[in-house]
Every structure is written in structure tokens, then in C-alpha cells.
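Let me begin by presenting the structure, written as C-alpha cells, before commenting on it.
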Amino acid sequence: MGRLFFVNSRGSDTWCTATATKSANRSVVMTAAHCVRRGSSPANTNSTMVFVPNYSKGKQPFGTFAVRTALTPRSWEEKSTNDVSALVVDTDRNGRKLTDVVGGQAIAFNRAVGGPVSSFGYSATHPQLGEQLLRCSGTAKKDNDMQSIPCDMSGGSSGGPWLADFDAATGTGVLVSVNSQLDSLQPSEMYGPVLGTVAKAVYTQAEHS
């Protein structure tokens, strides 16, 4: 897991959260589509994206990985649905591929919603201000094409992983969603997309890029 730095479509420096995943090219990072471009407005695309795994209070223990390709579903670009993105990153300055350096989380598609889930993110809440990785834990509930868990992380945590079967000793689990949005009426409820056929197609395209 790491912090994803970028310049947004308005020219401001900001960030989201992203996750290295196991992939054929050993270079795929998963995050939220709205961390890449505005929904229903594909011209408003972010730029200069850099993934920093295990970022903490300015420290970059595994270096940085520049994003080469950012893929989002057509349904996000046209209808603001399926808020998930697969990023392909370049090698580091030593020529090493991402998951050869940091490992990667397993990812599951079309998995039944339910059971305990841990969500992570570099939330902009005080006093962390995005400098620390925070965690929420709860039981996932289905809500149409979304799922929810109790969590009050705010901006900056977007794109952070939802890990089922999380093992705190190893820091690994199975990626089943990403932080998408807080409930406007219940700001202690976080929503994430169900990773189905669309998400799998985006991921597959990325891992063969």
C-alpha cells in the first residue's frame, strides 16, 4: 500500500491511496477511478502521477514509481459508475519492477460481499494530514453495485484498498474493493465498488500493458 501523488485537473498538487497487486507484468497498482479523472468528464484528467509504496511521514523506504498508464472503465468516463482504476507503473531508478521490490496483494473479482474487511488510506483528517496510513475494520454490506463498511476516513484515503482475509503480521490480504466515497448523510460509512466483470477487464488490460 502507498500514497499516490499527482497534479489534479485544476493544477493543484494532491494525493490518493493505491495498492500494488499481483499481476502478470508485476507493475499494476489499483486505486479509484476518481483519483485519475473526473467521472463523466474524461477531459478532466490528473497528471504527473507517482506511486510511493509504504510512504510514512515523508519517508519513502522503497523509492518511487512513476505511473506510465492509467486505465479507467468507460462506464466511469460516461456515467460515473465503476469507480476503480488500474495503473501501470514504470520500473524504479534501479530498473526493478514494482512487485519484485514490495510484493503485491492478491485481488478477487466477483467475490460475494460480506465478512470482515480492513480498509486503508492516507486520510487528510487531523492530525495525520495524509502522512500516515490509517485503517478501518468492519463487516462489508452489499448496496446495489456498491458495498459499505463503517469508516470515517476522508479525502486522500480515496482509492485505498479493502482487504478481506487480512493478516496483520504480514500486511497482506485479498483486494475486494477500494475507497470510493463517504455517505453524505452518514460520514462514518465508506462505500466502495464491487469488483466485477468491468473491474476485471480493466485490470487484465493493465497487467498485459
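Given the structure is predicted, the values throughout are model-derived calculations rather than measurements.
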Could you list the donor-acceptor pairs under 3.5 angstrom formed between side-chain atoms of residues 50-62 and any protein atom two or more places apart in sequence or on another chain?
{"unit_1": "Y55", "atom_1": "OH", "unit_2": "G58", "atom_2": "N", "d": "3.1"}
{"unit_1": "Y55", "atom_1": "OH", "unit_2": "E131", "atom_2": "OE1", "d": "2.8"}
{"unit_1": "Y55", "atom_1": "OH", "unit_2": "E131", "atom_2": "OE2", "d": "3.0"}

Donor on one side chain, acceptor on other, W76 and D83, under 3.5 Å:
no
Check the hydrophobic clustering (I, L, V, M, F, W, Y; side-chain heavy atoms under 4.5 Å; chains of links allowed) and say if L133 and F166 are grouped together.
yes
Please name the pair of heavy atoms, one in A164 and one in V176, separated by the smallest distance, quoted to 0.1 Å.
CB-CG1, 4.0 Å
Side chain to side chain contact (heavy atoms under 4.5 Å, CB included) evaluation trace for R96 with T91:
CA-CA 5 Å; R96 300 174 300 176; T91 57; 5.7 Å; no
Under 4.5 Å between side-chain heavy atoms, hopping through other hydrophobics if needed: is there a path connecting I149 to F120?
no
Nearest heavy-atom approach of H34 to S180 is CE1-O, 3.1 Å
From CA spacing to verdict: side chain to side chain contact (heavy atoms under 4.5 Å, CB included), V101, N94:
CA-CA 10 Å; V101 178; N94 297 312; over 6 Å; no
Which atom names give the shortest non-hydrogen contact between L98 and A20, and what distance separates them?
CD2-CB, 3.6 Å
Side-chain donor-acceptor pair present, S75, N82, cut-off under 3.5 Å:
yes
Can a side-chain donor-acceptor contact be found between R26 and T99 if the only test is distance below 3.5 angstrom?
no
Please tabulate, one pair per line, all N/O donor-acceptor pairs under 3.5 Å involving side-chain atoms of residues 196-207, not counting sequence neighbours.
{"unit_1": "Y203", "atom_1": "OH", "unit_2": "K22", "atom_2": "O", "d": "2.2"}
{"unit_1": "T204", "atom_1": "OG1", "unit_2": "K200", "atom_2": "O", "d": "2.8"}
{"unit_1": "E207", "atom_1": "OE1", "unit_2": "A24", "atom_2": "N", "d": "2.9"}

Would you check if M30 and V84 make a side-chain contact, meaning some heavy-atom pair closer than 4.5 Å?
yes
Could you tell me whether a side-chain N or O of S85 sits under 3.5 Å from a main-chain N or O of L71, the two making a donor and an acceptor?
yes
Considering only heavy atoms from C-beta outward, does the side chain of D145 approach that of V194 to under 4.5 Å?
no
Partner set under side chain to side chain contact (heavy atoms under 4.5 Å, CB included) for K79, not counting sequence neighbours
T81
Approximate separation, where rounding is to 0.5 Å, of R10 CZ and N44 CG:
8.5 Å
Measuring from atom SG of C35 to atom CZ of F6, what distance do you get when rounded to the nearest 0.5 angstrom?
5.0 Å
Donor-acceptor under 3.5 Å (S27 side chain, N25 main chain)
yes
Ignoring hydrogens and angles, state whether a donor on the side chain of S119 or N179 is under 3.5 Å from an acceptor on the partner side chain.
yes
Is any side-chain heavy atom of Q105 less than 4.5 Å from a side-chain heavy atom of T172?
yes
Answer whether the closest heavy-atom distance between the side chains of V174 and R111 falls below 4.5 Å.
yes
Does any part of the side chain of L182, heavy atoms only, come nearer than 4.5 Å to the side chain of M190, both counted from C-beta?
yes
Hydrophobic cluster identity match, M153 and Y122, side-chain contacts under 4.5 Å
no
Looking at N144 and M146, would you say the former's side chain and the latter's main chain have a donor-acceptor pair under 3.5 Å?
no
Evaluate L87 against L4 for side chain to side chain contact (heavy atoms under 4.5 Å, CB included), listing each step before the verdict.
CA-CA 11 Å; L87 311 177; L4 181 69; 3.8 Å; yes
Working to the nearest 0.5 Å, report the span between CG of L195 and CG of N110.
9.0 Å
Do S188 and P150 come close enough that some side-chain heavy atom pair is under 4.5 Å?
no
Looking at R74, I'd like to know if its CZ atom is crowded, meaning that more than 12 non-hydrogen atoms belonging to other residues, nucleotides or ligands lie closer than 6.0 Å.
no
With side chains defined as the heavy atoms from C-beta onward, is the minimum distance between V178 and P193 less than 4.5 Å?
yes
If I compare all heavy atoms of W15 with all of G156, which pair ends up nearest, and what's the gap?
NE1-CA, 3.2 Å
D152 side, atom CG; T125 side, atom OG1 - distance, nearest 0.5 Å
7.5 Å
V117 reachable from L134 in the ILVMFWY side-chain graph, under 4.5 Å edges:
yes
Looking at E189, K142, K141, which hits side-chain hydrogen bond (donor to acceptor under 3.5 Å, both in side chains) with S148?
E189
Do P161 and M1 have side chains that get closer than 4.5 Å, going by heavy atoms?
yes
Any donor-acceptor pair under 3.5 Å from R135 side chain to S118 backbone:
no
Nearest-0.5 Å distance, CE of residue M49 to OG1 of residue T31:
7.0 Å
With side chain to side chain contact (heavy atoms under 4.5 Å, CB included) as the test, would you mind laying out the steps for V29 and F65 before giving the verdict?
CA-CA 10 Å; V29 173; F65 294 81; over 6 Å; no
Between E77 and T72, is there a side-chain donor-acceptor contact under 3.5 Å, judged purely by atom types and distance?
yes
Exam field: side chain Q147 to backbone G192, donor-acceptor pair closer than 3.5 Å:
no
Would you say L175 and F109 are hydrophobically clustered, going by side-chain heavy atoms of ILVMFWY under 4.5 Å?
yes
Measuring from atom CG of N8 to atom CZ of R37, what distance do you get when rounded to the nearest 0.5 angstrom?
14.0 Å
Side chains of S157 and T17 only: does a donor on one sit below 3.5 Å from an acceptor on the other?
no
